[in-house]
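From a predicted model like this one, the values you see are computed outputs, not experimental measurements.
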Amino acid sequence: TDTDTEPAEYDAAASVQENLDSGVPVLEILTHHAVSELYGRSHQGGYIFYVDPATGTGMVSHSLSDSGPTHWNDFANQAPDLGLGSAIGDGEPNTTAIVGALGKDTYAARYAHDAEINGFDDWFLPSIDELTAIYENLHLLGLGDASASLSYWSSTDDGQYAWVIYFANGSTYTPAKIHDHHNVLPVRSF
């Protein structure tokens, strides 16, 4: 017998969220809706902020309620310049590189890496472009759960500094990795 289950079929009478919840593939939903209609929808542990319309893959974010502001790296290690990428898709390898360089301790990438949110444990610290997409595709539209009063670390570094976005106005800047404290907004791919 065939144990593979067929994906759910798109239901034109159902909402985008209902189709997602029913297991309709994102690529199928995109044949009926614009990518922007997926932004802010709850999917696989978080809120959709990015979708690749060619593949139906994407990313979700979710706030990490049990972590307060933290530094980018731990105080035991000098802030290494890892030359980490800024593009969409760089957050996961950036986080792997940071955790590999800094090990076990308490710092932004570790919080994201160790997060268990809504049944998922493959979260990572977003790159600056991924964080910008959260700001533009969720936060500015009143979607998602990022706080307007917080600034969030990205996994993109620049020497002894790392990129941050302040969600009150979208400004980006590069504070020192070891002295400044900012928040963590984990993301994961689907």
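Every residue meeting the side-chain hydrogen bond (donor to acceptor under 3.5 Å, both in side chains) condition with S155, not counting sequence neighbours, appears here in chain and number order: N94. Applying the salt bridge (Lys or Arg N to Asp or Glu O under 4.0 Å) test to D121 and every residue at least two apart in sequence or in another chain returns nothing. Listed by chain and residue number, Y47 satisfy the ring pair (Phe, Tyr, Trp, His ring centres under 6.0 Å) test with H62 (two or more places apart in sequence, or in another chain).
When all heavy atoms of P53 and V35 are compared, the pair lying nearest together is CB-CG2, 3.9 Å. Across A115 and L64, no two heavy atoms sit closer than the pair CB-CD1, 3.9 Å. Scanning both residues, P69 and N183, for their nearest heavy atoms gives N-OD1, 3.5 Å. Here the closest heavy-atom approach between residue S127 and residue S154 is recorded as C-CB, 3.8 Å. Nearest approach of T95 to A109, heavy atoms of both residues: CG2-O, 3.9 Å. Listed here is the closest heavy atom pair of G56 and F190: O-CE1, 3.6 Å.
Panel note: side chain N19, backbone D11; a donor-acceptor pair is recorded below 3.5 Å. Remark: side-chain polar atoms of R188 are not paired, donor with acceptor, to backbone N or O of V60 under 3.5 angstrom.
Ring geometry for Y10 against H32 counts as parallel: the plane angle stays under 30°, on a 0 to 90° scale with 60° as the upper cut.
Using a 4.5 Å cut-off on side-chain heavy atoms (C-beta onward), S189 and F124 make contact. Two residues are said to be in side-chain contact when any heavy atoms from C-beta on lie closer than 4.5 Å; L20 and V26 meet this criterion.
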query = Checking side-chain contact (heavy atoms from CB on, under 4.5 Å) for the pair T70/R110: CA distance, chi angles, key distance, verdict?
reply = CA-CA 10 Å; T70 188; R110 189 88 221 181; over 6 Å; no
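For the salt bridge (charged side-chain N to carboxylate O under 4.0 Å, His left out) test with K177, the passing option among D81, D157, D158 is D157; the others fail.
The NE2 atom of H139 sits 14.5 Å away from atom CZ of F49, with the distance rounded to the nearest 0.5 Å.
When the shell of 6.0 Å around CD of E9 is examined, it contains 12 or fewer heavy atoms from other residues, nucleotides or ligands.
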